[in-house]
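Below is one structure, written out as structure tokens, with a few remarks after it.
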Amino acid sequence: QVQLVESGGGLVQAGGSLRLSCAASGRPLSTYNMGWFRLAPGKEREFVAAISRSGSVTYYTDSVKGRFTISRDNAKNTVYLQMNNLKPEDTAVYYCATDRGSLLNDRTYLYDVWGQGTQVTVSS
């Protein structure tokens, strides 16, 4: 069973940047498509971005397109989320998760292993 640990969250001013990491252990991360989700207070968990096993295909929710970039380094067993031009509405706990499916997707229930999350707070 793979285990996931997110890091890189913090407090940043609007317009700033953060880079989140999701480090895996237990199994090669190249086995999975990967996704990033976020959970803000009073809201449902929301899809942010996904990346294919090889890293050649990516998929973003509209609200982060052009600002966030998902990437992966399978040799380091790590997935990243580069977040630029952050906005207060990006404030949330960010989670990475594994997907065994063949196609990228944005459905929470199709992801099976989740990390513990990392808090991102964007001040205005």
Side-chain angles (χ1 to χ4, degrees):
Q1 178 79 332
V2 66
Q3 293 86 42
L4 304 174
V5 177
E6 301 95 336
S7 61
L11 173 64
V12 64
Q13 288 187 330
S17 298
L18 284 173
R19 186 196 196 201
L20 306 184
S21 297
C22 171
S25 61
R27 289 198 66 181
L29 207 56
S30 57
T31 304
Y32 308 98
N33 292 332
M34 295 295 296
W36 283 96
F37 291 77
R38 62 189 180 187
L39 181 61
K43 296 186 177 181
E44 294 186 354
R45 190 169 297 192
E46 175 190 25
F47 169 77
V48 176
I51 189 167
S52 63
R53 289 169 175 80
S54 67
S56 60
V57 181
T58 56
Y59 173 39
Y60 298 91
T61 192
D62 286 346
S63 63
V64 308
K65 284 181 181 176
R67 300 189 298 122
F68 290 12
T69 303
I70 188 171
S71 63
R72 66 192 299 161
D73 185 339
N74 287 337
K76 294 183 178 180
N77 240 21
T78 302
V79 175
Y80 305 97
L81 186 68
Q82 177 67 44
M83 306 186 296
N84 298 327
N85 190 21
L86 282 160
K87 304 176 180 181
E89 52 264 42
D90 295 318
T91 294
V93 177
Y94 283 72
Y95 301 86
C96 63
T98 62
D99 175 16
R100 301 186 184 198
S102 57
L103 300 176
L104 297 185
N105 73 86
D106 58 5
R107 308 299 175 89
T108 304
Y109 63 86
L110 293 176
Y111 288 79
D112 47 10
V113 178
W114 295 77
Q116 84 291 347
T118 185
Q119 175 71 47
V120 171
T121 303
V122 185
S123 63
S124 57

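Start at 1 with the first residue, then count along the sequence. Because only heavy atoms are used, hydrogens play no part in the values below, and waters and symmetry mates are left out as well, while side chains stay in. Computed from a prediction, not measured in an experiment: that's the story for all the values here.
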Report the distance from atom [atom1] of [X] to atom [atom2] of [Y], rounding to the nearest 0.5 Å.
X: Asn77; Y: Ser30; atom1: CG; atom2: OG; result: 7.0 Å
X: Gln119; Y: Leu11; atom1: CD; atom2: CG; result: 9.5 Å
X: Thr58; Y: Ile70; atom1: OG1; atom2: CD1; result: 7.5 Å
X: Tyr59; Y: Leu104; atom1: OH; atom2: CG; result: 9.0 Å

Output yes when a side-chain donor or acceptor of Asp112 lies under 3.5 Å from a complementary backbone atom of Arg100, and no otherwise.
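It does not hold such a pair.
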For the backbone of Gly15 and the side chain of Asn85, can you confirm whether one donor and one acceptor N or O come within less than 3.5 Å of each other?
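Not confirmed, Asn85 side chain does not pair with Gly15 backbone.
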Could you see if [X] belongs to whatever hydrophobic cluster contains [Y]? Use Ile, Leu, Val, Met, Phe, Trp, Tyr and a side-chain cutoff under 4.5 Å.
X: Tyr60; Y: Leu20; result: yes
X: Trp36; Y: Leu86; result: yes
X: Val2; Y: Ile51; result: yes
X: Val79; Y: Tyr94; result: yes
X: Val48; Y: Val113; result: yes

Does the side chain of [Y] come within less than 4.5 Å of [X]'s, by heavy atoms?
X: Pro28; Y: Asn74; result: no
X: Ser7; Y: Thr118; result: no
X: Leu4; Y: Thr98; result: yes
X: Glu46; Y: Ser63; result: yes
X: Tyr111; Y: Asn105; result: yes
X: Tyr80; Y: Asp73; result: yes
X: Glu6; Y: Gln116; result: yes
X: Thr78; Y: Arg72; result: no

Compare every heavy atom of [Y] with every heavy atom of [X], then report the nearest pair and how far apart it is.
X: Ala14; Y: Pro88; value: CB-CD, 4.1 Å
X: Cys22; Y: Met34; value: SG-CE, 4.1 Å
X: Arg38; Y: Ala92; value: CB-CB, 3.7 Å

Report the residues that fulfil side chain to side chain donor-acceptor pair (under 3.5 Å) with Arg67, sequence neighbours left out, ordered by chain and then residue number.
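Testing Arg67 for side chain to side chain donor-acceptor pair (under 3.5 Å), a comparison that skips the adjacent residues, returns Asp90.
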For Thr69, what residues pass the side chain to side chain donor-acceptor pair (under 3.5 Å) criterion, not counting sequence neighbours?
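For Thr69, no residue satisfies side chain to side chain donor-acceptor pair (under 3.5 Å) once neighbours in sequence are set aside.
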Take Ser123 and Gln13 through the test side-chain contact (heavy atoms from CB on, under 4.5 Å) and record every step on the way to the result.
CA-CA 5 Å; Ser123 63; Gln13 288 187 330; 3.7 Å; yes
Aromatic ring pairing Phe37/Trp114, orientation class (parallel under 30°, perpendicular over 60°, tilted between)
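Geometry flag for Trp114 against Phe37: tilted rings.
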Scan Val120, Val122, Val64, Val12 and name whichever one has a side chain to side chain contact (heavy atoms under 4.5 Å, CB included) with Met83.
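Checked Val120, Val122, Val64, Val12 against Met83; only one passes side chain to side chain contact (heavy atoms under 4.5 Å, CB included): Val120.
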